[in-house]
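Note sheet for the following structure.
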Amino acid sequence: MKFKFAIIGCGHIGNRHAKHILAHPNAELVAAFDIEAEKSRNFGKQFHCNSIANLDEIFQMDIDMINICTPNGNHHSIAIDCLNAGKNVLVEKPMTIKKSFGEDMIKAALDNGKKLFVVKQNRFNPPVQAVKKLKDSGQLGKIYSIVVNAFWNRNEQYYTQSNWRGSLEMDGGTLFTQFSHFIDILYYLFGDLKVVSAIAQNANHQNLIEFEDTGHFLFEMKALNKTIGSFNYTTSAFDSNMEGSITVFAENATIKIGGQYLNTIEYQNIKNHEIVLANDNSKPNDYGFYIGSMSNHDQVIHNVIESLQGKAKIMTNAYDGLKVVEIIEEVYAVMKKAEMRR
């Protein structure tokens, strides 16, 4: 049986979804829609699917899954319409940019008996999976502290070639668009956290974005007896992405998941163990003048299909997606209070 997919949003990430849907033996891409009709037509020709002029038409079609690849700010409204039309939904990160929106999405899924998936492809990164196994098995022992560094570059062209990037209403903020993956991996590996303090500024993107490009926050891990940590991020690294890393200091190990995209083990000293990764040819999402996160969308699509078949659990369910939104909201709330005190 082939599962029938439709894509809403025919930009860069929609293209990536389409390629992996077409490559999967149990998937079929039947339709695509974009608010820009020409984009939709070109997308339909390129991927040999129906180009839909009216979104309501997709809701009437025989479709198992709708992939939402639109700007952050309208993920929730489109997802709710799809779920109310009786379709399962896979929504790109971030799930949404407000916790209340995410709660409405989950309610719509429950009310209609449909599944709601969130794209968090970095969970599939081999180094992340290796550390997850060590942590869950107890081999790391007590976790002492965690340091997250996310130092990327987003230049002027990145913002000016889009009518939504940099907008508070549609983009949401740097933690939503660039670094929600890092917060998700932090949560995936170690559970929920409490934000203790936070500070941010727009250091290098004045007149381009309506929020911060650089920030730092301190946190405590709720499930790890208040293990402390820091999260440092910027989109102002000179010329190109520099680093994306999570370093864990534990009773029986020090491990740094690094590279630019959490795609390597940069350092490890583990009691009676060594992480050995198979040769991995995975590459990040390359958009020409900037590089995104790891391109594991093939594994996302495969997990979606296996979940629909009842063969696997959802790798990132809606509750996990909502938790990331909740954490980001908390960070921004603490930042706002700090700004008011300054």
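FYI, side chains are in, hydrogens and waters are out, and symmetry mates aren't considered; it's all heavy atoms of this structure. One-based numbering along the sequence shown.
A salt bridge links D192 with K323: the closest approach of a Lys/Arg side-chain nitrogen to an acidic carboxylate oxygen falls below 4.0 angstrom. We find that E326 and K99 are joined by a salt bridge, their nearest charged nitrogen and carboxylate oxygen being less than 4.0 Å apart. At a threshold of 4.0 Å, the pair E243-K256 counts as salt-bridged, since one of the basic side-chain nitrogens sits closer than that to a carboxylate oxygen.
Residues I301 and I21 share a closest heavy-atom pair of CD1-CG1, 4.0 Å. Contact between C82 and I8 at its shortest, heavy atoms only, is SG-CD1, 3.8 Å. Counting all heavy atoms, side chain and backbone alike, L322 lies closest to G102 at CD1-CA, 3.8 Å. The two atoms that bring G11 and D34 nearest to each other are N-OD2, 4.3 Å, heavy atoms only. Residues G215 and M335 come closest through the heavy atom pair CA-CE, 4.4 Å. The nearest pair of heavy atoms linking C69 to I13 is CB-CG2, 3.5 Å.
Checking Y233 against Q178 by side-chain atom types alone, no donor-acceptor pair falls below 3.5 Å. Between the side chains of N241 and N153, no donor-acceptor pair of N or O atoms lies under 3.5 Å. Judged by distance alone, the side chains of N122 and N296 never bring a donor and an acceptor atom under 3.5 Å apart. Side-chain contact annotation: D298 with H20, donor-acceptor N/O pair under 3.5 Å absent. Checking T174 against T235 by side-chain atom types alone, no donor-acceptor pair falls below 3.5 Å. Looking only at atom types and distance, the side chain of D213 has a donor-acceptor partner in the side chain of S236 under 3.5 Å away.
Atom CE of M340 has 12 or fewer neighbouring heavy atoms from other residues, nucleotides or ligands inside a 6.0 Å radius. The neighbour count for Q206 CD, taken as heavy atoms of other residues, nucleotides or ligands under 6.0 Å away, is above 12. Within 6.0 Å of the CG atom in L168, the count of heavy atoms belonging to other residues, nucleotides or ligands exceeds 12. Within 6.0 Å of the CD atom in E169, the count of heavy atoms belonging to other residues, nucleotides or ligands does not exceed 12. The number of heavy-atom neighbours closer than 6.0 Å to NZ of K194, taken from other residues, nucleotides and ligands shown, is 12 or below.
Listed by chain and number, the residues in a side-chain hydrogen bond (donor to acceptor under 3.5 Å, both in side chains) with T316 amount to none (sequence neighbours excluded). The side chain to side chain contact (heavy atoms under 4.5 Å, CB included) search around T177 returns N72, K93, Y158, D171, not counting sequence neighbours.
The aromatic rings of H205 and Y159 sit perpendicular to each other, their planes meeting at more than 60°, with 30° as the lower class boundary. In this pair, F182 and W152 present their aromatic rings perpendicular. The plane angle is above 60°, beyond the 30 to 60° band.
Once rounded to the nearest 0.5 Å, the distance linking CG of N252 with CD of Q139 reads 9.0 Å. Here CZ of R123 is found 13.5 Å from CD of Q299. Values are rounded to the nearest 0.5 Å. Interatomic distance, CG of L55 versus OG of S40, reported as 10.0 Å (0.5 Å rounding). Between atom CG of residue L29 and atom SG of residue C49 there is a gap of 4.0 Å, rounded to the nearest 0.5 Å. The structure places CD1 of I257 at 9.0 Å from OG1 of T264, a figure rounded to the nearest 0.5 Å.
In the hydrophobic cluster analysis, where Ile, Leu, Val, Met, Phe, Trp and Tyr join through side-chain heavy atoms closer than 4.5 angstrom, I246 is grouped together with I275. In this structure, V128 is a member of the same hydrophobic cluster as I265, with clusters built from ILVMFWY side-chain heavy atoms closer than 4.5 Å. Follow the hydrophobic side-chain contacts under 4.5 Å out from I80 and you reach Y319 in the same cluster. Grouping the Ile, Leu, Val, Met, Phe, Trp and Tyr side chains by contacts below 4.5 angstrom, directly or via other members, places L208 apart from M170. When the side chains of ILVMFWY residues are joined at heavy-atom separations under 4.5 Å, either directly or via intervening members, F43 and I35 end up in two distinct hydrophobic clusters.
Applying the ring-ring contact (aromatic ring centres under 6.0 Å, His included) test to residues at least two apart or on different chains, the pairs with a partner in residues 84-105 are H76-F101.
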Problem set entry | Verdict with supporting geometry, K142 and E251, salt bridge (charged side-chain N to carboxylate O under 4.0 Å, His left out) | CA-CA 5 Å; K142 182 180 179 181; E251 182 180 4; over 6 Å; no
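For F231 and F217, the ring centers sit closer than 6.0 Å to each other.
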Which donor-acceptor pairs under 3.5 Å do the side chains of residues 56-68 make with protein atoms, sequence neighbours left out?
unit_1 : atom_1 : unit_2 : atom_2 : d
D62    : OD2    : K4     : NZ     : 3.2
D64    : OD2    : K4     : N      : 2.7
N67    : ND2    : H17    : ND1    : 3.0

Using atom types as modelled, flag every donor-acceptor pair under 3.5 Å from a side chain in residues 306-315 to any protein atom, sequence neighbours excluded.
unit_1 : atom_1 : unit_2 : atom_2 : d
E306   : OE2    : H302   : NE2    : 3.4
S307   : OG     : N303   : O      : 2.8
S307   : OG     : A312   : O      : 3.4

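Judged by a 6.0 Å distance limit and a 45° cone about the ring axis, K19 is not positioned over the six-membered ring of F47.
Chaining together hydrophobic side chains whose heavy atoms lie under 4.5 Å apart leaves I228 on its own.
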